[in-house]
Amino acid sequence: MPTAAELVQLPALDCAPQLLGAVITRHDDRLGDVSLRVTEVEAYHGKGMPGPVDACSHSRMGMTARNASMWGPPGHWYVYLNYGIHHALNLVCSPEGSASGVLIRSAAVVSGLEAVRLRRGDSSTEVNLARGPGNLAQALGIASRELDGTPALGGARLTIALDPEGPAGRGLSVLRGPRVGVNPEAEGADYPWRFWLADEPSVSAYRAGGTPSSRRSRSTGAAKKSRSSAVER
DNA sequence: CGGTCGATTGTCT
DNA sequence: GACAATCGACCGC
């Protein structure tokens with residue numbers, strides 16, 4: 001049975017499904033602690049890694065100021081701001097220098113519901129509280145890049161507890177399919193980088209093809225591909 | 001329901 | 001200067 005430190009050494013495609021069912025805990029003295037159970041993730045391969053080319057990974061351009069923590073040691077957080085509005089949380093994986101990560105897309109609230117409601121507002125239904133990467137970050141009180149590059153295994157403010165046996169150890173069924181929210185015209189857009197737990201209402205409702213560029217091309221008559229197909233593994 | 005669109009800013013060409 | 005690993009509001013069925 002692998003340890004958590006060994007699991008985060010795996011390539012993103014192998015590490016990502018093992019994170020399903022893991023519990024992320026945010027410590028907050030004022031609002032109280034919040035714990036979320038991960039229900040949906042996406043693998044992002046580092047530039048030059050063996051396996052399929054990832055045309056969407058932030059590491060594809062090489063190291064920059066933003067993505068530097070992706071190149072750091074695994075088991076640390078990579079936090080960035082997306083669309084100028086939402087923060088997104090990733091767990092860096094695979095050996096240092098390989099620049100891979102797993103985007104934590106969705107989760108279910110395990111404890112600290114009151115604190116999450118305060119952060120997310122009353123208008124959100126319970127399954128939507130940490131559904132989608134932007135909402136998940138908000139539920140955890142991540143509103144800056146403060147935690148970028150900090151340890152995730154035994155982290156002080158934000159920590160992740162992995163089940164060494166992964167979802168299979170609990171009899172959870174894992175589904176796999178293409179990403180959502182990336183440009184559907186991009187090379188390799190159909191490759192199944194995304195993993196989620198079956199029968200989980202908190203999994204992303206967000207549809208592919210939501211980017212401004214894809215909207216433009218769609219309105220000019222480009223064919224829309226179906227993304228509903230999922231493969232059980 | 002499902003499609004469509006604006007918000008908002010850091011990042012890279 | 002373009003646009004992004006998104007979200008929620010709004011519109012028309």
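Chain naming here is simple, since letters A, B, ... match the order of the sequence lines and numbering starts at 1 in each.
- His87(A) places its NE2 atom 12 Å from the C1' atom of dT6(C), with the value rounded to the nearest Å.
- Under the 4.0 Å criterion applied to side-chain N and carboxylate O atoms, Arg131(A) and Glu200(A) are not assigned as salt-bridge partners.
- Atom CZ in Arg179(A) sits about 14 Å away from atom P in dA4(C), given to the nearest Å.
- Comparing dA5(C) with dG3(B), their P atoms are spaced 22 Å from each other, to the whole Å.
- Contact annotation: Arg105(A) side-chain N/O to dT6(C) OP1/OP2 distance is under 4.0 Å.
- Aromatic pair Tyr80(A)/His58(A): centroids less than 6.0 angstrom apart.
- Taking every heavy atom of both residues into account, Ala12(A) and Cys93(A) meet most closely at CA-SG, 3.4 Å.
- The CD1-P distance, from Ile85(A) to dC5(B), rounds to 17 Å in whole Å.
- Salt-bridge annotation for Arg170(A) and Glu165(A): absent, with no side-chain N of the basic residue lying under 4.0 Å from a carboxylate O of the acidic one.
- Salt bridge annotation for Asp33(A)-Arg26(A): absent, with no cationic side-chain nitrogen under 4.0 angstrom from a carboxylate oxygen.
- Among dT6(C), dG10(B), dT11(B), the nucleotide with an atom closest to any side-chain atom of His86(A) is dT6(C).
- In terms of polar N and O atoms assigned as donor or acceptor, the side chain of Tyr80(A) comes within less than 3.5 Å of the base of dA5(C) in a complementary pairing.
- With rounding to whole Å, Tyr78(A) atom OH is found 10 Å from dT11(B) atom C1'.
- Summarising the geometry, the separation between CH2 on Trp196(A) and C1' on dA5(C) is reported as 16 Å, rounded to the nearest angstrom.
- Both geometric conditions, a ring-centre gap below 5.5 Å and a plane tilt below 30°, are not fulfilled together for Tyr83(A) over the base of dA7(B).
- Taking each heavy atom of Glu42(A) and Val180(A) in turn, the nearest pair found is OE2-N, 3.4 Å.
- Pro74(A) approaches Pro95(A) most closely through the heavy-atom pair CD-C, 4.3 Å.
- Protein atom CG of Asn82(A) is 6 Å distant from nucleotide atom C1' of dA5(C), rounded to whole Å.
- At whole-Å resolution of the value, CE in Met70(A) and C1' in dA5(C) are 10 Å apart.
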| field | Which nucleotides of DNA chain C pair, in dot-bracket form (Watson-Crick or G-U under 3.5 Å, | meaning another strand) | value | ||||.|||||||.

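- For DNA chain C, the residues of residues 132-145 of chain A within the heavy-atom distance limit of 4.0 Å (strictly under) are Gly132(A), Pro133(A), Gly134(A), Asn135(A), sorted by number.
- Between dG8(C) and Arg120(A), a contact under 4.0 Å exists linking OP1 or OP2 to a side-chain N or O.
- Residue-level contact check: Leu103(A) touches the bases, meaning some heavy atom is under 4.0 Å from a base atom.
- If you take CE of Met61(A) and P of dA4(C), they are 11 Å apart, rounded to a whole angstrom.
- The phosphate of dC12(B) has OP1 or OP2 within less than 4.0 Å of a side-chain N or O from Thr64(A).
- Classification of Asp190(A) and Arg179(A) as a salt-bridged pair fails, no side-chain N sitting under 4.0 Å from a carboxylate O.
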Please tabulate, for the side chains in residues 152-160 of chain A, all donor-acceptor contacts under 3.5 angstrom to protein atoms that are two or more places apart in sequence or on a different chain.
| from | atom 1 | to | atom 2 | distance (Å) |
| --- | --- | --- | --- | --- |
| Arg157(A) | NH2 | His27(A) | O | 2.7 |
| Thr159(A) | OG1 | Ala152(A) | O | 3.3 |
| Thr159(A) | OG1 | Gly154(A) | N | 3.1 |
| Thr159(A) | OG1 | Gly155(A) | N | 3.3 |

| message | Could you walk me through whether Glu40(A) and Leu103(A) satisfy the side chain to side chain contact (heavy atoms under 4.5 Å, CB included) test, starting with their C-alpha distance in whole Å, then the side-chain angles of each, then the deciding distance to 0.1 Å, before giving a yes or no? | response | CA-CA 9 Å; Glu40(A) 180 188 9; Leu103(A) 172 68; over 6 Å; no

